[in-house]
Protein chains: 2
Amino acid sequence: MEQNVIDASGLLAISTRLQRLSDQIRRDGLLIYKAFGIDFQPKWFPVLYTLYKKSTMSVVSLSDEIGYAHPSTISLLKELEKEKLIRSKKDKIDTRKRLVELTEKGKTLLSTMEPVWQVIIKATEEVTNTENNLMKAINEVEAALQEKSFLLRAQAYMNK
Amino acid sequence: MEQNVIDASGLLAISTRLQRLSDQIRRDGLLIYKAFGIDFQPKWFPVLYTLYKKSTMSVVSLSDEIGYAHPSTISLLKELEKEKLIRSKKDKIDTRKRLVELTEKGKTLLSTMEPVWQVIIKATEEVTNTENNLMKAINEVEAALQEKSFLLRAQAYMNK
DNA sequence: CAAATATATGTAGTTAACTACATATATTAC
DNA sequence: GTAATATATGTAGTTAACTACATATATTTG
C-alpha cells in the first residue's frame, strides 16, 4: 500500500529525476575531459559528433538529427565557431541554407578525444548496465512517445 | 560494427538524451493538468507531495528529501507561497530554521489532484513499462552512482 | 564562556534547453 | 509569373535547475 504511494510519487516526479541524473552525469563528464586536459564541454558532443559523421549539414537538418530545437543548435554553433571548431558557408543552390562543417582544429580535437571517449563509454556502460539498461530504456520510451504522445495516452484514460 | 558506433554515440550523449526526455515529459505533464483545468505545474510536485506526506519540514531537510540544491527549493517555495499553497513559520527551538507546511488551499488542491495523478501514473506506466523499465533503470543508476561516482569509475579506466 | 566551526537560509548570477516571433528565400498553385 | 505558402535561419526572452557567495544562529572546543 505504502509502496504504491512511493511508486506514484516516483512516476509523477520522473521528469525531475531524469533532469537531476542528466545534470549529475554532465558535471562529471566535464570533469573527465578536464582531467585529460581537453577543453571540451559535454553539450558540444551531439553537434560535433554528427558533423564528424556527416561532414556537412544545414542548421535545421543538424537540429533534426540531434533532436534539438533549431535555436539551441544555433547557440551551440556560435560557441563552436568562436572556438574555431566549426565553420559555415552558404549553400550555393539553396541560399537560405547555411552549411556547417568541422574545421581542421575540430577534426584534430575529435581524433584526440578518441581515448577519452573510450573511458567515458566504459564508465557509462558500467553505470547503466544494470538489470534495466538505462540507454535501452530511453530508446524504448522515446520510441513509445513517438508512436503515441504522453498527452494522447493520458487523454485516453481521461475519457473513461 | 556500425551498431557499436551508434551505441558509443548514445552513451556519450547520455546526459543530453536524459535532459531531452525530461523536458518532453514535463511539457506533456503541464498539458495534462491544463486539460483537467487545474492550475498546477509539474515542477511543484516533489515539494508539495513531500509536504503532504511529512506535514512540516525545514527548507534544507525538504531539499534533501527531494534531492534538490536548497536555492532551487527556496525559489519553488516562493512561488508556492505566492499561490498560497504553502505557508511557513519560525522554528521556536532552532530559530535559524523556517518550517514549511501546506495551507488549507494546498491540501484541497492535492486532494482534487488525486484523479489526475491516477491518469498520469497510468500513462507513465504505459510509456515506461517497456522491456527495460525506465523508472527502475533510473533507480538502479542512481544507486550505482551513489556507491561510486561516474568520475571515480572513469578515473579507474584512465589509470590503465 | 569566548572563539572557531558548522548549519540554515537567502541572494545573485549562470546555464542550457525551450517557445514565440521576425525575416529572407524557395516552392507551389492559380 | 505573381500570390500564397512553406522552409531556413536568426533574435529575444523564458525557464528551472545549478554554483558561489553572504549572513545569521547554533554547536563544539579549548
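A note on names: the letters A, B, ... follow the listed sequences, proteins ahead of strands, and every chain is numbered from 1.
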So which one's nearest nucleotide on DNA chain D is more toward 5', D94(B) or R27(A)? R27(A)
Could you check whether S58(A) gets within reach of a base, just the sugar-phosphate, or nothing at all, counting any heavy atom under 4.0 Å? sugar-phosphate
If you look at every strand shown and take non-hydrogen atoms under 4.0 Å, does S72(A) touch a base, only sugar-phosphate, or nothing? base
Report yes if some heavy atom in the side chain of L62(A) is under 4.5 Å from a heavy atom in the side chain of L77(A); otherwise report no. yes
Looking at W117(A) versus F40(A), is the centre-to-centre ring distance below 6.0 Å? no
Here's a test of your reading of the structure: between E79(B) and S61(A), which maps to the more 5' nucleotide of DNA chain D? S61(A)
Assign each of K97(B) and Q41(A) the nucleotide of DNA chain C bearing its closest heavy atom; nearer the 5' end lies the nucleotide of K97(B)
Describe the nucleic acid contact of K90(B) in one word from base, sugar-phosphate, nothing, applying a heavy-atom distance below 4.0 Å. nothing
Do T124(A) and R153(B) have side chains that get closer than 4.5 Å, going by heavy atoms? no
Sole candidate of E81(A), E101(A), E104(A) that passes salt bridge (Lys or Arg N to Asp or Glu O under 4.0 Å) when paired with R87(A): E101(A)
With a 4.5 Å heavy-atom cut-off, do T56(A) and L51(A) have their side chains touching? no
So which of E126(B), Q118(B), K122(B) actually passes side chain to side chain donor-acceptor pair (under 3.5 Å) with Y157(A)? E126(B)
Heavy-atom nearest nucleotide on DNA chain C for R96(A) versus R20(B): which residue maps closer to 5'? R20(B)
Paired with dG10(C): which nucleotide, if any, by Watson-Crick or G-U wobble criteria at under 3.5 Å for both distances? dC21(D)
Min and max contacting nt of DNA chain C in 5' to 3' order, chain A heavy atoms within under 4.0 angstrom, are dA16(C) to dA26(C)
